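What follows is a single structure, written as structure tokens, with notes after it.
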Amino acid sequence: MTKDLHSDRLKKLRTLEERDIPPFPARTLGTPTPIAEILEDFDRREGETRTVAGRLGQIRDFGKLRFAHLSDRTGSIQCGFQRDRLSKWWPNRKLIEGNDLVLVTGECGKTKKGEPTVWADEVQLLTKALRPAPEKWHGLRDVETRYRMRYVDLFANPEVREVFMLRSRIVREIRAFFDELGYLEVETPILHSIAGGATARPFVTHHNTLDIDLYLRIAPELYLKRLLVGGLERVYEIGRVFRNEGISTRHNPEFTMLESYEAYADYEVVMERVEALFDRLCTRVLGTSEVRFRDRTYDLKPPFPRRRYLDLFREKNDGLDWFDERGVAERARSLGIFREDLPASKLANDVFEATVEDGLEGPVFVIDYPKAICPLAKAGSEDPRVAERFELFIAGMELGNAFSELNDPLDQESRLEEQIADKDEETPSEVDYDYVAALEYGMPPAGGLGIGIDRLVMLLSGRPSIRDVLLFPLLKPLEPGRAPEPEEGAEGGGS
RNA sequence: GGGGGCGUAGCUCAGUCGGUAGAGCAACGGCCUUUUAAGCCGUGGGUCGAAGGUUCGAGUCCUUCCGCCCUCACCA
């Protein structure tokens, strides 16, 4: 609790109550103007009376005059409090301090040094802050506190706010992009009875009334493609997916995925869409196609080069053929990543990841993946061993994954069944026969796309960790309890 | 899970060889009508992440635990 630590502020709270000044009033007595709007054309506003509201910064006190900056979501402006203008309020001035939320109405004018200032004629305390703000010029630095108390981070560090404003603009622009192409934005279930559409360990939950286990979705893919069967033809969804796996600078157990599906298109069309989308984000949101990320500069100007998966594999592995099982096993051993339990295709893909992926600075489309590692993609017309699939890599990060969607129900059924056969903890628990049934009704040929929104925002904002683009990244909860009392018979709850 | 680093006042950080717990900002009292990292005088503020150990004596050394960061593994 707050109690002892900031008892000064609690004392002020009581004094406010004694003086009938509500510390948390229900009504805001005025309509604040966004601060940026006032600053925009300040010279012309001089002499006008304006109302501003926001969080009070540090007060600079001169006895009969005090200054403090007031910040709202749009910016920050200086307020001047003079005894001669505020005779009624003046005796209460010390009850309002830095970090309180206030409403100030007064005349716009400049100080001797030319600083735009609202000279207060009326002041209303909107919310008494019982905790002080972090230190004024270093801000809040401690990463753990920043993530755990993001609400403080946001008001103490303006650049953090900017990241999330940028994130919002990016998402809005993505929506506009698909909307203009006639896509329908949809919402599909998050609770799945079969965790399909990707390979990942799911979170499990339970529905009490039905008494069944359900999974939080690991991908919306299979539901979106059902909608293609239903005739919606162009659909997209931006939503949270959940994977019960490790946490790192690039992974959070819940993250935001964009998936889109377009009938009568294939992965070539999708590559064009991705290029158009990046071009739009660069011009309309960033204003440049160059981004700085982890000490490197990337030019996101399309077109992006395309490299065949199998070619990249051969290049980085001394001409080794991906399908050469013995050679691949040997190579895996020399890399120290050999695993007896893996099917050949998975092992070969591990070799690909170990030798190729980190070097993919990009932007680059890696295209034409071996069919064996793409259970939901359609085989190419030229080489039946490869699937029409691409992944977009930038800065060694996988940003997008797309393919010409497999719509042959018989092929799909056997591939899903194969997947279950060499099952590990990450493969789906069972085959989604309802999805196969949907395909049996006829799904149009289609190009599908998945983009990790968080990683995209990382790249476009130049933030190296996914936690910097998530408002509330997952952290271990702090243990409120100390060690249990060492008396015997202390009841459980133990870990 | 492996390796490395970190945890000291509300915040940002010092703390030497093991010898009384420090600074700046914030807070509190005072002066000041043009500051904007305001200034000046004064005051208060600590479970040194937690527990145990070594020692006459531990923020400092040892052990265990908790949390965070980086990295590797994992993550098609």
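Everything numeric in this text was worked out from a predicted model, so none of it was measured. In what follows, every heavy atom counts, from backbone to side chain, and hydrogens, waters and symmetry copies are set aside. Letters go in sequence order (proteins before strands), and every chain restarts at 1.
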Query raised in the report: What is the nucleic acid contact for A:T249, judged by heavy atoms within less than 4.0 Å: base, sugar-phosphate only, or nothing?
Result: sugar-phosphate
Query raised in the report: Looking only at side-chain N and O atoms, does A:K110 come under 4.0 Å of OP1 or OP2 in B:U36?
Result: no
Query raised in the report: Base, sugar-phosphate, or nothing for A:G139, non-hydrogen atoms under 4.0 angstrom?
Result: sugar-phosphate
Requested in this report: Could you state the atom-to-atom distance from CD1 of A:I337 to P of B:G2 in whole Å?
Outcome: 22 Å
Query raised in the report: Within the distance-only criterion (no hydrogens, no angle test), does the side chain of A:Q412 pair as donor or acceptor with the backbone N or O of A:P375 below 3.5 angstrom?
Result: yes
Report task. Look at the side-chain N and O atoms of A:K476 and state whether any lies under 4.0 Å from the OP1 or OP2 oxygen of B:G67. Result -> yes
Requested in this report: Pick base, sugar-phosphate or nothing for A:N401, based on heavy-atom distances below 4.0 Å to the nucleic acid.
Outcome: nothing
Short heteroatom pairs, N/O only, protein and nucleotides 21-24 of chain B, under 3.5 Å:
residue: B:G24; atom: N2; partner: A:E135; partner atom: OE2; Å: 3.1

Query raised in the report: Over how many whole Å does the gap from A:L95 atom CG to B:C28 atom C1' extend?
Result: 14 Å
Query raised in the report: Rounding to a whole Å, what distance do you find between A:L475:CG and B:C66:P?
Result: 16 Å
**Report entry** Integer-rounded Å distance: B:C70 C1' and A:I247 CD1
**Finding:** 15 Å
Requested in this report: Check every atom of B:C11, B:U12, B:A27 against the side chain of A:P134 and return the nucleotide holding the closest atom.
Outcome: B:C11
Query raised in the report: Counting any heavy atom closer than 4.0 Å, what does A:E398 reach on the DNA or RNA strands: base, sugar-phosphate only, or nothing?
Result: nothing
Query raised in the report: Which one, B:C70, B:U35, B:C68, comes nearest to the side chain of A:R148?
Result: B:C68
Query raised in the report: Base, sugar-phosphate alone, or nothing: which one does A:K136 contact when heavy atoms must sit under 4.0 Å apart?
Result: sugar-phosphate
Query raised in the report: Looking for any heavy atom pair under 4.0 Å, which part of the strands does A:L140 touch: base, sugar-phosphate only, or nothing?
Result: sugar-phosphate
Query raised in the report: Angle class for the A:Y309/A:F352 ring planes (parallel below 30°, perpendicular above 60°, tilted otherwise)?
Result: parallel
Report task. Verify the stacking flag for A:F67 against B:U35: centroid separation must be under 5.5 angstrom and the ring planes must differ by under 30 degrees. Result -> yes
Query - Phosphate OP1/OP2 of B:C69 contacted by A:R467 side-chain N/O (<4.0 Å) - result: yes
**Report entry** Atom CZ of A:R308: over 12 foreign heavy atoms under 6.0 Å
**Finding:** no
Report summary line: Heavy atoms of A:P363 and A:P305 approach each other most closely as O-CD, 3.3 Å
Query - Side-chain N,O (A:R60) to OP1/OP2 (B:A38) below 4.0 Å - result: yes
Query raised in the report: Considering only side-chain heavy atoms of A:Q78, which listed nucleotide, B:C32, B:U36, B:U34, is closest?
Result: B:U36
Query raised in the report: When rounded to the nearest Å, what value does the distance between P atoms of B:U8 and B:C13 take?
Result: 10 Å
**Report entry** B:C31 - base-pair partner by Watson-Crick or wobble geometry, distances under 3.5 Å
**Finding:** B:G39
Report task. For A:P253, enumerate each residue passing the side-chain contact (heavy atoms from CB on, under 4.5 Å) test, keeping only those at least two apart in sequence or located in another chain. Result -> A:F203, A:I247, A:L474
Query raised in the report: Taking a pair as Watson-Crick or G-U wobble with both distances under 3.5 Å, which nucleotide is matched to B:G10?
Result: B:C25
Query raised in the report: How about A:R294: does its CZ atom have over 12 heavy atoms from other parts shown lying under 6.0 Å from it?
Result: yes
Query raised in the report: From the list B:C69, B:G67, B:U34, which nucleotide is the closest neighbour of the side chain of A:Y147?
Result: B:C69
Report task. Can you tell me the pairing partner of B:C56 across any strand shown, Watson-Crick or G-U wobble, with both distances under 3.5 angstrom? Result -> B:G19
Query raised in the report: In whole angstroms, how far is the P atom of B:C72 from the CG atom of A:L335?
Result: 16 Å
Query - Test item: A:S414 side-chain N/O and A:D411 main-chain N/O as donor-acceptor pair under 3.5 Å - result: yes
Query raised in the report: Among the nucleotides B:U33, B:C28, B:U36, which one has an atom lying closest to any side-chain atom of A:E115?
Result: B:U36
Query raised in the report: Can A:R93 be said to sit on top of A:F81's aromatic six-ring, NZ or CZ under 6.0 Å from centre and within 45° of the ring axis?
Result: no
